[in-house]
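In what follows, every heavy atom counts, from backbone to side chain, and hydrogens, waters and symmetry copies are set aside.
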Amino acid sequence: MAWYARAFTATSPREARWDVSVGVCVTAVESRPAGVLGTSQSPAHRPFGARVMAFVALTKPRIIELLLITTVPVMFLAQRGVPDLKLVLLTCVGGYLSAGGANALNMYIDRDIDALMDRTSQRPLVTGMVGPRECLAFGISLAVVSTLLFGLAVNWLSAWLSLGALLFYVVVYTMILKRRTAQNIVWGGIAGCMPVLIGWSAVTNSMSWAPVILFLVIFFWTPPHYWPLSMKVKDDYARVGVPMLPVVAGNKTVAKQIVLYSWVMVGVSLLLTPLGYTGWFYTAVALAAGGWWLWEAHALLNRAKAEVTGGKLKEMRLFHWSITYVSLLFVAVAVDPFLR
């Protein structure tokens, strides 16, 4: 399907030219629009504390919190108890640095569209608190350090998995999929599934069906987690030509896809117990949390079918619950070994 994006080319601080191209997926703009904080100074002259916080913001800490929630519990499951706490710390630090490097490189690549989207207009590259070259160097440095930390202090299987996740997120998702297909978050979400494999490999230096199943849980969780948010901010994505599913399809179609992925996710989450990896506690949590998820997903579909729009669609209810769901599920993964 051919779709249209507008390419913005700044020729001077006061003059710009808009061109319309068919099938163009990149919207090029200045990384710092005129009139925002810091246009008259170099990033090096910003307040030190603000600069530090800006570099921290490049790593997207709130997203990494969610990644760690899926990493540490799997280490408990792999150990069938409490893993070595030093190993847990090293894995968390390595995971933070790796994901932080991927997020920084993502912001470097997406700085053009970030400047045009309301939800990303205060990111460090847009405000000028961090320069593009600094961001690029920072992201690459974190990638190198995290890979070496995993390889030398944990094991090389975890190191290669971590590096693979970073490269997949930066190259496959950000550079190839995001601006070209409505399936971007489906396949791009693979990068967010990798911490499950990393947590298991950090303890065992091997793979098993348990982390593969949990990998698939996160894989099928990611689209119905992110699409409700995309429904909320679809005007932002439409403005910059990013074809998130809610941009190219109606609410009813998106809600149907959310329900489909939700049923598969809940079904996959229940496979751990018959395969002998978990017991009654995990099963009870998976059934209860999954049941509530399906209730919310179907409620969203019913509202979409009724052509409810605006705030009454309540799409963010499922988005917020999705974070609670994955937290509860993986806490159950960690606790279950102690109750068997």
Side-chain angles (χ1 to χ4, degrees), residues 29-72 85-154 158-159 162-163 165-171 173-175 178 191-192 194-195 198-199 229 233 236 323 327:
V29 300
E30 289 182 310
S31 63
R32 187 171 65 245
V36 299
L37 175 65
T39 55
S40 61
Q41 302 178 15
S42 68
H45 291 91
R46 307 283 182 257
F48 177 76
R51 289 266 290 161
V52 171
M53 294 305 298
F55 277 98
V56 172
L58 288 176
T59 66
K60 301 182 184 178
R62 294 187 66 181
I63 293 178
I64 295 177
E65 288 176 12
L66 198 59
L67 297 179
L68 295 181
I69 285 174
T70 64
T71 303
V72 176
L85 296 183
K86 180 181 178 182
L87 180 63
V88 173
L89 178 61
L90 289 169
T91 303
C92 287
V93 172
Y96 187 99
L97 295 177
S98 179
N103 289 330
L105 293 172
N106 167 268
M107 286 197 197
Y108 172 79
I109 296 166
D110 278 350
R111 66 192 187 278
D112 56 343
I113 60 176
D114 282 350
L116 297 178
M117 296 173 64
D118 292 338
R119 62 185 291 266
T120 57
S121 62
Q122 295 304 308
R123 285 181 173 176
L125 283 175
V126 179
T127 63
M129 192 62 70
V130 176
R133 291 183 180 179
E134 291 177 313
C135 179
L136 179 61
F138 181 66
I140 293 174
S141 298
L142 291 185
V144 173
V145 170
S146 65
T147 302
L148 291 177
L149 176 63
F150 266 121
L152 299 176
V154 180
S158 298
S162 174
L163 181 60
L166 183 150
L167 292 175
F168 194 94
Y169 181 70
V170 174
V171 178
Y173 172 67
T174 306
M175 298 179 67
K178 183 174 181 178
M194 297 299 283
I198 294 169
L229 176 62
V233 298
D236 254 359
I323 298 173
S327 301

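Residues I64 and N103 meet the side-chain proximity criterion, which asks for heavy atoms closer than 4.5 Å. In this structure the side chain of K178 reaches within 4.5 angstrom of the side chain of D110, judged on heavy atoms. With contacts defined as side-chain heavy-atom distances shorter than 4.5 Å, the pair M107/P124 qualifies. The shortest side-chain heavy-atom distance between S98 and L163 does not fall under the 4.5 Å cut-off. Under the 4.5 Å side-chain criterion, counting only non-hydrogen atoms from C-beta, K60 is not in contact with E65.
With hydrogens and angles disregarded, a donor-acceptor distance shorter than 3.5 Å links the side chain of R111 to the backbone of Y108. With S146 contributing its side chain and A143 its backbone, the two residues share a donor-acceptor pair below 3.5 Å. A distance-only check finds a donor-acceptor pair linking the side chain of T174 to the backbone of Y169 [under 3.5 Å]. Put simply, the side chain of N106 never gets that close to the backbone of A102: no donor and acceptor are under 3.5 Å apart. Side-chain atoms of S162 never come within 3.5 Å of backbone atoms of A159 as a donor-acceptor pair (strictly under, hydrogens ignored). At least one donor-acceptor pair under 3.5 Å links the side chain of T71 to the backbone N or O of L67. Although no hydrogens or angles enter the test, the distance criterion places a donor-acceptor pair under 3.5 Å between the side chain of S141 and the main chain of A137.
At a threshold of 4.0 Å, the pair E134-R51 counts as salt-bridged, since one of the basic side-chain nitrogens sits closer than that to a carboxylate oxygen. Under a 4.0 Å N-O distance rule, the pair R119/D114 does not qualify as a salt bridge.
With ring centers used as reference points, F55 lies under 6.0 Å from F138.
Smallest separation of non-hydrogen atoms from C135 and L58: SG-CD2, 4.0 Å. When all heavy atoms of T59 and Y96 are compared, the closest pair comes out as OG1-OH, 2.9 Å.
The side chain to side chain contact (heavy atoms under 4.5 Å, CB included) test with V145 is passed by exactly one of I140, L97, V93: L97.
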